[in-house]
Amino acid sequence: QLQLVESGGGLVQPGGSLKLSCTASVNTLDYTAIGWFRQAPGKEREGVACISSGGGSTNYADSVKGRFTISRDNAKKTVYLQMNSLKPEDTAVYYCAADRGHPFGGINVQAMCNREYGVHYWGKGTLVTVSS
């Protein structure tokens, strides 16, 4: 059973930056695609950024392109979300999610982000509040 723990959330002023971390309790993260999703109050959950198991493919929501960067360090079993130029509309609970792991071929990360395709595990989330 893979467990995901998010950290790094908090209160930040508009224009500021935060870096979220998602650490997995698993023998290896080498075959697992990871995504960051968020849910704002009163809104549906949406995919923010997703990354393939090896890090070679990424997908971003249009609303965060150019501001957010997803990356991973498989040796540390950790995936990061660097968030710059934060806006009040980025306020949400941010969740880390993972697929089941595919040693012989990964899932499509665009599909993972757009419709939660292949997502099997979820973290409990970390709150990001962008406010002055």
Side-chain angles (χ1 to χ4, degrees):
Q1 183 77 5
L2 187 154
Q3 293 186 329
L4 301 167
V5 178
E6 303 95 336
S7 62
L11 174 65
V12 63
Q13 292 187 342
S17 298
L18 278 177
K19 187 173 185 178
L20 305 183
S21 298
C22 170
T23 301
S25 62
V26 67
N27 286 338
T28 178
L29 206 58
D30 292 355
Y31 309 117
T32 305
I34 301 288
W36 284 99
F37 297 79
R38 68 185 181 186
Q39 188 165 22
K43 294 189 176 181
E44 292 188 356
R45 187 168 58 204
E46 63 172 344
V48 175
C50 297
I51 188 167
S52 61
S53 57
S57 295
T58 57
N59 185 81
Y60 294 92
D62 288 343
S63 59
V64 307
K65 282 180 181 176
R67 300 188 298 123
F68 291 11
T69 302
I70 189 170
S71 62
R72 63 191 296 157
D73 184 338
N74 284 355
K76 294 183 178 180
K77 303 174 188 177
T78 301
V79 175
Y80 305 98
L81 185 67
Q82 177 67 48
M83 306 186 295
N84 298 329
S85 302
L86 282 161
K87 304 175 181 180
E89 51 264 44
D90 294 317
T91 295
V93 177
Y94 284 71
Y95 298 92
C96 175
D99 69 0
R100 289 179 176 269
H102 301 273
F104 304 107
I107 65 170
N108 182 297
V109 291
Q110 182 177 10
M112 186 182 195
C113 260
N114 288 351
R115 47 191 176 89
E116 300 183 5
Y117 175 78
V119 171
H120 192 71
Y121 302 101
W122 291 93
K124 294 183 178 181
T126 186
L127 176 63
V128 172
T129 303
V130 185
S131 175
S132 55

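When side chains are defined from C-beta on, Asn114 counts as touching Asn59, because their heavy atoms get closer than 4.5 Å. In this structure, Met83 and Tyr94 have side chains that are in contact, with non-hydrogen atoms separated by less than 4.5 Å. By the 4.5 Å heavy-atom criterion applied to side chains, Val128 and Leu20 are counted as neighbours. Within the 4.5 Å cutoff, the side chain of Val48 has heavy atoms near those of the Leu81 side chain. For the pair Tyr60/Ile70, a side-chain contact is recorded, criterion being any heavy-atom separation below 4.5 Å from C-beta on.
A salt bridge links Asp62 and Lys65; the closest N-O separation between the charged side-chain nitrogens and carboxylate oxygens is under 4.0 Å. A salt bridge links Glu46 to Arg38: one of the charged nitrogens lies within less than 4.0 Å of a carboxylate oxygen.
For the pair Lys19 and Tyr80, the distance from NZ or CZ to the six-membered ring centre is under 6.0 Å and the angle to the ring normal is within 45 degrees.
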Evaluation steps, side-chain contact (heavy atoms from CB on, under 4.5 Å), between Ser131 and Leu11: CA-CA 7 Å; Ser131 175; Leu11 174 65; 4.2 Å; yes
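If you look at Trp36 and Phe68, their ring centroids are not closer than 6.0 Å.
Taking OG1 of Thr23 as the start and CG of Leu29 as the end, the distance is 9.5 Å to the nearest 0.5 Å.
In this structure, a donor-acceptor pair under 3.5 Å is absent between the side chains of Thr78 and Asp73.
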